[in-house]
Amino acid sequence: MNIAIIGSGYVGLVTGVCLAEIGHKVTCVDNNAEKIKLLKKLKSPIYEPGLEFLLKSNVRKKRLSFLTSVTQASKKADVIFIAVGTPSRKDGDADLTYVEKAACEIAEGMDSYKVIVEKSTVPAQTGKRIERAINLTLSKRNKNKKTKRIDFDVASNPEFLREGSAITDFMNPDRIVIGVQSKRAEKMLRDVYKPLKARLIVTDMNSAEIIKHASNSFLATKISFINAVSQICDRVGANVLEVAEGMGFDKRIGKEFLSSGIGYGGSCFPKDVDAFVHLSQKSGYDFDLLKEVRNVNENQKKSFVKMIEESLWIVKNKTIGVLGLSFKSNTDDMRNAPSLDIIRALQKEGAKIKAYDPQAMPKAKEVLKSVKFVKDAYEVAKGADCLLLLTEWEEFKKLNFRKIHQLMNHALIFDGRNFYDKKQLEKLGFEYFGIGTASV
Ligand code: UGA
């Protein structure tokens, strides 16, 4: 099939590359000419394991190409995915400016039946609005040029891939959700995903849109729940790691997303929880539960900083070494990374920050001021009064902690992801602080 993807961010680019890999002819579009130039040189603008390899091989097989013009790309496509950004407005609502713009530009170039699929995370009823925007553009066009009526369908197909494991997630989905209004659109989307042999769930458009927001909000709730439990564990002398394990073996609860730490970040959970709270409020329902999920998440960072302040006593002029900056491992994404709030709070107290991240330093340099970025974890440790583990990169597991101990001024570790074995580090002479593990 001929497919156009509008927006070459995380979701758009991964979707485009993977759809090409399963045999479709795909054009990825972005209005950022620099990004398109880079992609044409077979370079990925983002760090995502496996992405650049598939990008290169599919361009060589002539199944993948790149353009800056939405209208041009849409013209030759049967199915057009809208995967543009939907940032948060100040009031928490999703800003759909780019979605509307994409819809209008698609309509400008339409000369045959198309299925226009919203892939960006959007509030319920956005599909209907896209349909209206396209209809308005088409009638304006018809009035001017007196062209014949063109049929189209709008559908919703939310994406559930995670950064850091995006390719594997896309190729092996737990389910594919498609919200459609016609059998014709359903058939086209079934054909698009046929090679994946995945479970397909067909719903109406509003339900598909809600599935996405509800899924992300539920996962965020799970994280905040275990984080709230971790607070109790510290207070009553229990170990949150054992509690999570004991809970997770219940199939109805499940083991995943029960890792306590410094809270969730990234470009999705914070924004989507805000948007779902906003949508609920607009529809006349106060989603207090989700507001509390947000509060718990913010408090995790604050209580982590408080723990550091209490242990260091005087923070001013202390050198704090930071291992990991990205919002989670295997990505260079710094959007809403918990490290940002934690570092800024400590800087406010007068701390000197030294940091290292295997991938995120170029992006971190754009958003963090007065941080000394160094070349590896050992440089971070040199002369540091304490170490903070803020992102669970695998390479931080393999560090030589005897050497780290020698390099540090004071051997204190604050483990924001419960990543290390407390007992092992204590044996080496470290003072270790985790989250919800005070009793270990
Ligand atoms: C999330 C969802 O998991 C995807 O299904 C969804 O497609 C995506 O948002 C999106 O809407 O685009 P992502 O933001 O890439 O994916 O990352 P996650 O792996 O879900 O992690 C989100 C945050 O939660 C990270 O900061 C992570 O460190 C944190 N987290 C995750 C925890 O603190 N504890 C956990 O147990 C799991």
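Predicted model, so just to flag it, every value in this text is computed and none were measured. In listed order, ligands and their atoms are each counted from 1.
The shortest N/O to N/O separation between Val11 and ligand 1 does not fall below 3.5 Å. Taking only nitrogen or oxygen atoms, main chain and side chain alike, Glu159 reaches within less than 3.5 Å of ligand 1. Considering both main-chain and side-chain atoms, Phe160 comes within under 3.5 Å of ligand 1 through a nitrogen or oxygen pair. Between Glu163 and ligand 1, at least one pair of N/O atoms sits closer than 3.5 Å. For ligand 1, the polar-atom distance check finds an N/O of Gly265 within less than 3.5 Å of one of the ligand's N/O atoms. At under 3.5 Å, not a single nitrogen or oxygen of Tyr264, backbone or side chain, sits near a nitrogen or oxygen of ligand 1. Between Ser259 and ligand 1, at least one pair of N/O atoms sits closer than 3.5 Å.
In this structure, Cys268 is part of the shell of residues with a heavy atom less than 4.0 angstrom from ligand 1.
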Next item on the list: Please assess Leu200 against Ile178 for the test side chain to side chain contact (heavy atoms under 4.5 Å, CB included), listing each intermediate value before the final yes or no.
Entry: CA-CA 7 Å; Leu200 215 107; Ile178 53 171; 3.4 Å; yes

Note to self: Could you walk me through whether Ile353 and Lys372 satisfy the side chain to side chain contact (heavy atoms under 4.5 Å, CB included) test, starting with their C-alpha distance in whole Å, then the side-chain angles of each, then the deciding distance to 0.1 Å, before giving a yes or no?
What the structure shows: CA-CA 6 Å; Ile353 307 285; Lys372 187 172 177 204; over 6 Å; no

Notebook entry, point to check: So Thr331 and Tyr10, side chain to side chain donor-acceptor pair (under 3.5 Å) or not? Walk me through it.
Noted result: CA-CA 11 Å; Thr331 177; Tyr10 265 100; 3.0 Å; yes

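With a 4.0 Å heavy-atom cut-off, ligand 1 is reached by the backbone of Leu161 but not by any atom from C-beta on. Only the backbone of Leu258 comes within contact range of ligand 1, with a heavy atom under 4.0 Å; no side-chain atom does.
Counting only heavy atoms of the protein, atom 37 (C) of ligand 1 lies nearest to Phe257 CD2, 3.5 Å. Among protein heavy atoms, atom 32 (C) of ligand 1 sits closest to Ile223 CD1, 3.6 Å. Among all protein heavy atoms, the one lying closest to atom 1 (C) of ligand 1 is Phe269 CE2, 3.4 Å. With respect to atom 25 (C) of ligand 1, the closest heavy atom belonging to the protein is Phe327 CD1, 3.6 Å. Closest to atom 16 (O) of ligand 1 among all protein heavy atoms lies Arg162 CG, 3.6 Å.
In the candidate list Lys222, Lys212, Lys119, Lys212 is nearest to atom 11 (O) of ligand 1, counting heavy atoms. The residue from Arg417, His213, Lys328, Gln300 that puts a heavy atom closest to atom 18 (P) of ligand 1 is Lys328.
Ring pair Phe269/Tyr264 is perpendicular by interplanar angle, where above 60° counts as perpendicular and below 30° as parallel. Ring orientation note: the planes of Trp393 and Tyr47 are tilted relative to one another, at an angle of 30° to 60°.
At least one cation-pi condition fails for Lys354 and Phe373: the charged atom is not both under 6.0 angstrom from the six-membered ring centre and inside a 45 degree cone around its axis. Figure legend: cation-pi geometry between Arg335 and Phe327 absent, as NZ or CZ is not positioned both under 6.0 Å from the six-membered ring centre and within 45° of its axis.
Atom NZ of Lys222 has more than 12 neighbouring heavy atoms from other residues, nucleotides or ligands inside a 6.0 Å radius.
One finds a salt bridge joining Lys291 and Asp288 here, because a Lys/Arg side-chain nitrogen approaches an Asp/Glu carboxylate oxygen to under 4.0 Å.
Between Leu388 and Ile308, the shortest heavy-atom distance links the atoms CD2-CD1, 3.6 Å.
Tested against Tyr420, the residues Phe401, Phe430, Tyr432, Phe433 include a single ring-ring contact (aromatic ring centres under 6.0 Å, His included) partner, Phe401.
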